[in-house]
Amino acid sequence: MSETPKPLILTGAKPSGELTLGNYLGAIKNWAIMLEEYECFFPIVDLHAITVGYVPAELRKHTYQCLAQYIACGLDPQKSHIFLQSQVIGHTELSWILSCLTPVGELHRMTQFKDKSSKPGASVNAGLLFYPVLMAADILLYNADRVPVGEDQKQHLELARNIAQRFNHTYSETFKVPEPYIPRAGARIMSLQDPSRKMSKSDENPGEAILLLDSPQAIRKKILSAVTDSDTEVRMAPEKPGIANLLNIFSAITGRSVEDLEREFGDSGYGTFKNALADALIAHLEPFQERYREIIEDKTFLHGVLKEGAEVAQARAFKTLRKVYRKAGFVERA
Ligand code: TRP
């Protein structure tokens with residue numbers, strides 16, 4: 001351990017049951033790299049998960065699955081703090097204080113709220129509207145220096161920065177204003193069926209995304225039926241978004257350059273190229289899947305990770321919360 005404290009990075013993810021290859025290559029793989037340079041907090045934001053309709057038993061199952069997948073992906077719980085948002089007192093407390101500093105209009109203007117609340121049949125509950133304030137609390141509770149966020153969360157991080165500044169201005173200097181963390185080289189993995197969209201899990205069309213826990217047969221089937229074009233050349237080009245996406249995936253998992261792959265597969269035809277990619281993916285995911293199967297069965301281990309994570313997080317959270325309550329004028333508990 002070095003003497004000077006490392007800067008603190010925090011990023012939250014909702015407990016989705018199965019992670020996609022896009023989640024892994026676009027985010028989690030980079031988190032594992034951050035462990036050396038930063039002190040890392042990885043809350044699984046289960047309280048955020050209930051802002052849309054959900055099934056309680058599924059939430060619990062997905063939370064375990066998410067945790068086990070993180071660890072199997074290489075997030076070392078010895079080197080980071082992985083915990084559940086719902087197990088640390090302070091997230092919702094701070095979010096209340098912050099919500100009293102947040103104009104409702106700002107929340108109504110959040111793109112994600114507008115999208116989610118305009119979906120047919122959406123339950124537009126107050127939690128959905130307050131979602132970004134809880135996210136700000138997640139970040140500010142630990143005085144995070146940096147927050148890795150994808151495109152879709154930039155607006156929420158900007159709001160968290162505004163809220164931090166508003167608190168500091170209204171009371172006195174308390175919170176660090178968090179900066180976005182731009183990963184050195186995050187692969188942007190697109191849908192296999194519509195390469196203009198980000199790869200994400202879709203129940204209607206499972207062919208869109210490779211899941212990290214997909215069987216070898218499923219992986220091959222999805223890669224072979226990935227959308228390409230009527231040409232035959234394996235080449236990186238803007239007018240060939242399907243092939244470009246597959247080349248990016250191939251390069252990200254093997255570490256080979258795109259040029260190198262083009263040289264090998266340029267004229268081999270799409271079938272050969274896709275089969276080679278499927279082979280590489282299956283081999284790449286095998287150790288992950290094996291590790292996952294071990295961990296998911298071992299509830300004692302998983303509970304231990306969560307307990308340790310929550311202990312560290314709770315100590316920090318109480319410290320911030322005490323300070324915030326004092327500044328906001330609450331009488332200290334004797
Ligand atoms: N809102 C984020 C998402 O949907 C998840 C999230 C919650 C988060 N709290 C956070 C991300 C704190 C970064 C920091 O992806």
Side-chain angles (χ1 to χ4, degrees), residues 7-20 22-24 26-28 30-31 34 38-54 59 62-63 66-67 69-70 75 80-88 90-96 98-99 102 106-107 109-117 119 122 127-164 175-183 186 188-189 198-201 309-310 313 316-317 320:
L8 197 153
I9 263 195
L10 178 141
T11 187
K14 274 174 285 180
S16 71
E18 289 201 49
L19 298 176
T20 68
N23 296 137
Y24 174 64
I28 302 169
N30 291 307
W31 298 355
M34 298 176 330
Y38 295 89
E39 180 170 27
C40 295
F41 282 65
F42 298 119
I44 295 176
V45 293
D46 46 3
L47 296 169
H48 275 108
I50 69 168
T51 52
V52 290
Y54 78 106
L59 173 61
H62 289 166
T63 303
C66 180
L67 174 65
Q69 286 177 90
Y70 276 3
L75 279 196
S80 59
H81 311 298
I82 308 175
F83 60 98
L84 302 185
Q85 185 189 34
S86 64
Q87 290 188 349
V88 176
H91 292 255
T92 51
E93 282 76 2
L94 181 57
S95 116
W96 174 253
L98 301 180
S99 71
T102 308
E106 280 184 19
L107 299 178
R109 277 198 294 277
M110 293 288 122
T111 324
Q112 199 174 68
F113 173 73
K114 287 197 277 189
D115 290 349
K116 286 194 182 173
S117 58
K119 284 218 175 101
L128 194 62
L129 183 65
F130 279 64
Y131 180 111
V133 186
L134 181 58
M135 175 166 161
D138 297 338
I139 299 168
L140 302 182
L141 194 56
Y142 303 99
N143 264 307
D145 295 285
R146 295 295 190 91
V147 180
V149 280
E151 206 49 51
D152 62 327
Q153 295 299 317
K154 278 198 177 147
Q155 198 186 25
H156 288 166
L157 180 60
E158 196 50 42
L159 182 82
R161 288 168 52 85
N162 290 341
I163 292 177
F175 292 121
K176 279 187 188 162
V177 180
E179 299 285 337
Y181 172 85
I182 314 293
R188 203 168 143 70
I189 305 301
K198 220 171 99 174
M199 177 182 280
S200 64
K201 206 176 125 185
R316 301 275 182 105
T320 306

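Both ligands and their constituent atoms are indexed starting at 1 by order of listing. None of the values given here were measured: they were computed from a predicted structure.
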List, one per line, each side-chain donor-acceptor pair under 3.5 Å for residues 143-150, sequence neighbours excluded.
| unit_1 | atom_1 | unit_2 | atom_2 | d |
| --- | --- | --- | --- | --- |
| N143 | OD1 | K176 | N | 2.8 |
| D145 | OD1 | K176 | NZ | 3.1 |
| D145 | OD2 | L8 | N | 2.8 |

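- Using the six-membered ring where Trp is involved, F42 and W31 have ring planes that are parallel, under 30° apart on the 30 and 60° scheme.
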Between ligand 1 and the protein, which N/O pairs fall short of 3.5 Å?
| unit_1 | atom_1 | unit_2 | atom_2 | d |
| --- | --- | --- | --- | --- |
| ligand 1 | 1 (N) | Y131 | OH | 2.9 |
| ligand 1 | 1 (N) | Q153 | OE1 | 3.0 |
| ligand 1 | 4 (O) | Y131 | OH | 2.8 |
| ligand 1 | 4 (O) | Q153 | NE2 | 3.2 |
| ligand 1 | 9 (N) | D138 | OD2 | 2.6 |

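- Residues E151 and R188 are not paired through a salt bridge, judged by the lack of any N-O separation under 4.0 Å between the basic side chain and the carboxylate.
- The aromatic rings of F83 and H91 lie tilted to each other, with the angle between the two planes from 30° to 60°.
- Residues S86 and D46 have side chains that bring a donor and an acceptor to within less than 3.5 angstrom of each other.
- L19 is listed as a side-chain neighbour of Y70, based on a closest heavy-atom distance under 4.5 Å.
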